[in-house]
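Written out below as structure tokens is the structure these notes cover.
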Amino acid sequence: MMQHIFHKGTDDTKPTLLLLHGTGGNEQSLVGLAQEIDATANLLSVRGNILENGMPRFFRRLAEGVFDIEDLIYRTQELNDFLTEAAQQYSFDRQRVIAIGYSNGANIAASLLFHYEDALAGAILHHPMVPRRGIELPVLQDVPIFIGAGTNDPLCSAQESTDLETLLTAAGAKVTTAWFDYGHQLTMSEVQAAKEWYDSINS
Ligand code: MLT
């Protein structure tokens, strides 16, 4: 079980938005962001099960930018299983979940894509990294993915963003990467670009 909030949307033709916060956030952190992207969709917002010095995260890290891969794999499965349980509990379509993740939340969303063929129908990844290297990805044929990256992001180098784009594209995904001349923060212009991308895949 994962601590979460679920809001039923007003338009059942829309996907379910899965919100995944950054380090130190919680299930409330991205609700405003989701309202900007699509206020009519179902919203499932989850709190990461790890605490690092009191800050919620979705998986353990050994140091900044150095992930505990065993825990990453375990937590990715836990989240994937939770999505299946939540779909039954709240009666939403498990095949139509679009993740919106920021930072650590974008990394666990990317990990869902790296480990499971049907975990996500699409994803908005704000400032993600490559979750894991040296594995074969599942087939992600035509899965739409938006990556928002900062040219001056001290946590996620430009190389991380382009490597992630390359790996997801090679697996068949349709990746759109948008660059912003800022650091790790999520700016309104990035949210606007994500919304335009989201509208284009849902029209
Ligand atoms: C991570 O640990 O997932 C990344 O370093 C980003 C973050 O600090 O949340």
Side-chain angles (χ1 to χ4, degrees), residues 2-4 17-34 37 44-80 82-83 97-116 119-120 122-135 137 145-168 173 175 177-188 190-191 193-194:
M2 300 186 75
Q3 200 161 328
H4 66 279
L17 302 182
L18 168 68
L19 306 185
L20 303 165
H21 61 78
T23 301
N26 61 38
E27 67 277 20
Q28 304 291 342
S29 305
L30 299 183
V31 171
L33 171 63
I37 302 290
L44 177 65
S45 189
V46 184
R47 182 186 299 200
N49 267 341
I50 296 300
L51 276 182
E52 180 188 272
N53 302 320
M55 296 186 294
R57 287 177 54 85
F58 287 95
F59 56 89
R60 288 185 204 287
R61 60 181 164 183
L62 306 172
E64 190 160 295
V66 184
F67 301 153
D68 178 336
I69 297 299
E70 201 179 316
D71 190 60
L72 174 70
I73 293 166
Y74 176 76
R75 297 296 167 189
T76 303
Q77 180 178 359
E78 180 181 53
L79 178 57
N80 194 43
F82 172 72
L83 293 177
V97 176
I98 297 204
I100 304 178
Y102 170 62
S103 192
N104 182 246
N107 293 341
I108 192 93
S111 183
L112 282 170
L113 293 163
F114 270 46
H115 291 103
Y116 298 100
L120 297 175
I124 295 175
L125 307 176
H126 293 292
H127 303 260
M129 295 169 66
V130 175
R132 195 183 165 195
R133 293 184 186 260
I135 59 165
L137 270 61
I145 297 168
F146 174 92
I147 296 176
T151 49
N152 300 306
D153 190 330
L155 289 173
C156 316
S157 68
Q159 189 68 47
E160 284 286 327
S161 311
T162 50
D163 285 355
L164 182 61
E165 176 179 21
T166 302
L167 291 166
L168 290 169
V175 185
T177 303
W179 290 93
F180 300 89
D181 286 333
Y182 295 100
H184 197 59
Q185 76 268 38
L186 186 49
T187 61
M188 262 327 284
E190 184 172 330
V191 174

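Remember, it's 1-based here, ligands and their atoms both numbered in the order they're listed. In this text the structure is predicted, and so the values were computed from the model without any measurement.
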(Q) Between ligand 1 and Arg61, can you find any atom pair, the residue atom being a heavy atom, that is separated by under 4.0 Å? (A)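 It does; at least one heavy atom falls under 4.0 Å.
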(Q) Using a 4.0 Å cut-off to any heavy atom of Asn107, which atoms of ligand 1 qualify? (A)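 Once the distances to Asn107 are compared, the set is 1 (C), 3 (O), 4 (C), 6 (C).
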Q | Numbered atoms of ligand 1 (with element) below 4.0 Å of Phe67, judged on heavy atoms | A |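 Counting from 1, the qualifying ligand atoms are 1 (C), 2 (O), 3 (O).
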Q. Side chain, backbone, both or neither: which part of His127 has a heavy atom under 4.0 Å from ligand 1?
A. neither
Q: Identify, for atom 6 (C) of ligand 1, the protein heavy atom at the shortest distance, and state residue, atom and that distance.
A: Ser103 OG, 3.2 Å
Q: Could you find the nearest protein heavy atom to atom 9 (O) of ligand 1 and give me its residue, atom name and distance?
A: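 Answer, as residue, atom name and distance: Thr23 OG1, 2.6 Å.
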Q: Could you pull out the closest heavy-atom pair between Met129 and Phe67, with the gap in Å?
A: SD-CZ, 3.8 Å
Q. So which heavy atom on Ser161 is nearest to which on Ile147, and how close?
A. O-CD1, 4.3 Å
Q) Can you find an N or O of His184 that's nearer than 3.5 Å to an N or O of ligand 1? A)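 No: no nitrogen or oxygen of His184 is under 3.5 Å from one in ligand 1.
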**Q.** Separation of Ile69 CD1 from Ile135 CD1 (nearest 0.5 Å)
**A.**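 Atom-to-atom, Ile135:CD1 and Ile69:CD1 are 8.5 Å apart.
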**Q.** CG on Asn104 to NE2 on His21, rounded to 0.5 Å
**A.** 7.5 Å
Q: Could you check Leu79, Leu44, Ile100 and say which one makes a side-chain contact (heavy atoms from CB on, under 4.5 Å) with Leu20?
A: Leu79
Q. Got a salt bridge between Glu160 and Arg133, using NZ or NE/NH1/NH2 to carboxylate O under 4.0 Å?
A. yes
